[in-house]
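Working notes, beginning with the structure itself.
Residue numbering restarts at 1 for every chain, and letters A, B, ... go by the order of the sequence lines. Keep in mind it's a predicted model, so treat the numbers as computed, not measured.
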Amino acid sequence: MHNPPDTIDQLMQRAHHIAGWQLGEIAAALDLQAPAHLRQHKGWVGQLLELWLGASAGSRPEPDFPQLGVELKTIPIDAQGRPLESTYVSVCPLTGLHGLGWQDSAVCHKLQHVLWIPVQGDKSIPPAQRQVGMPLLWQPDDNEQQQLQRDWEELIEQVALGKVEQITAHQGELLQLRPKAANRKALTEAIGPDGRKIMTLPRGFYLRTRFTRQLLQRHFL
DNA sequence: TGTTGATCATGC
DNA sequence: GCATGATCAACA
């Protein structure tokens, strides 16, 4: 199953096929070993599902399925089917923001078409035994689209005004802006309060847990 | 107990 | 460092 799917139907068939499987079974089918825990393998679940579904590997700023325009997101859920974590969307540009609009943004593009695959995320379950849930192909409705745009514009405006370091993760209804870095020493260029360049932590856009929770509930309830 | 800020692995 | 894949763990 390493080849890219040709159609969304085919992609969904593959996703449905592994619903109910344990990650260890998928790993075995791919000749991979499941780690004992995710502490040092935080992206393992996502990468495993990428392999199985035939997503294009690599770290390019493209959708996971470029031909289909579909982004894959695995999402850890608790026993009630509720997301346990926020969902990373994309890095936030911190310079060269002049003239950048929502429609041109990576966030807008990535969220146009998302394949959500819930996976048991309770830390008491070893990764190999975690079960894959039913996939959900999602596109934001008009309301969501508008709220996402409002959040994005508000955050980007602050960044453009040199206030990136005043932005807190409390801000934003659906989207939040938080550090996205290897560690606190990984710095990148941004606009400072006086309009001069400063070095600051790279930031990323995340979807709030409460939003993805609603999203999953709306579909599966 | 939910969230925020920090962190881990990998490829280039 | 940047972009991919995210989860960890301290704190409110």
Anything under 3.5 Å between a protein N or O and an N or O of nucleotides 10-12 of chain C, put it in a table, one pair a line.
none

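- With sequence neighbours left out, the ring pair (Phe, Tyr, Trp, His ring centres under 6.0 Å) criterion links Phe65(A) to no other residue.
- Counting any heavy atom pair closer than 4.0 Å across all strands shown, Gly46(A) reaches sugar-phosphate atoms only and no base atom.
- Applying the salt bridge (charged side-chain N to carboxylate O under 4.0 Å, His left out) rule to pairs touching residues 152-162 of chain A yields nothing, sequence neighbours excluded.
- The salt bridge (charged side-chain N to carboxylate O under 4.0 Å, His left out) search around Lys73(A) returns Glu71(A), not counting sequence neighbours.
- Qualifying salt bridge (charged side-chain N to carboxylate O under 4.0 Å, His left out) partners for Asp122(A), counting only residues two or more places apart in sequence or in other chains: none.
- Residues meeting the salt bridge (charged side-chain N to carboxylate O under 4.0 Å, His left out) test with Glu144(A), sequence neighbours left out: Arg218(A).
- The stretch residues 172-185 of chain A touches DNA chain B through Gln176(A), Arg178(A), Pro179(A), Lys180(A), Ala181(A), Ala182(A), Asn183(A), Arg184(A), each having a heavy atom within less than 4.0 Å of the strand.
- With axes fitted over five pairs at each extremity, the angle between the ends of the helix from dT1(B)-dA12(C) to dC12(B)-dG1(C) is 30° (10° resolution).
- Residues from residues 143-170 of chain A with heavy atoms under 4.0 angstrom of DNA chain C: there are none.
- For the segment residues 82-113 of chain A, the set of residues with a heavy atom within less than 4.0 Å of an atom of DNA chain C comprises Glu85(A), Ser86(A), Tyr88(A), Val91(A), Lys110(A), in numerical order.
- Residues passing the salt bridge (charged side-chain N to carboxylate O under 4.0 Å, His left out) test with Asp9(A): none are found, sequence neighbours excluded.
- Members clustered with Leu84(A): none, using a 4.5 Å side-chain heavy-atom cutoff among hydrophobic residues.
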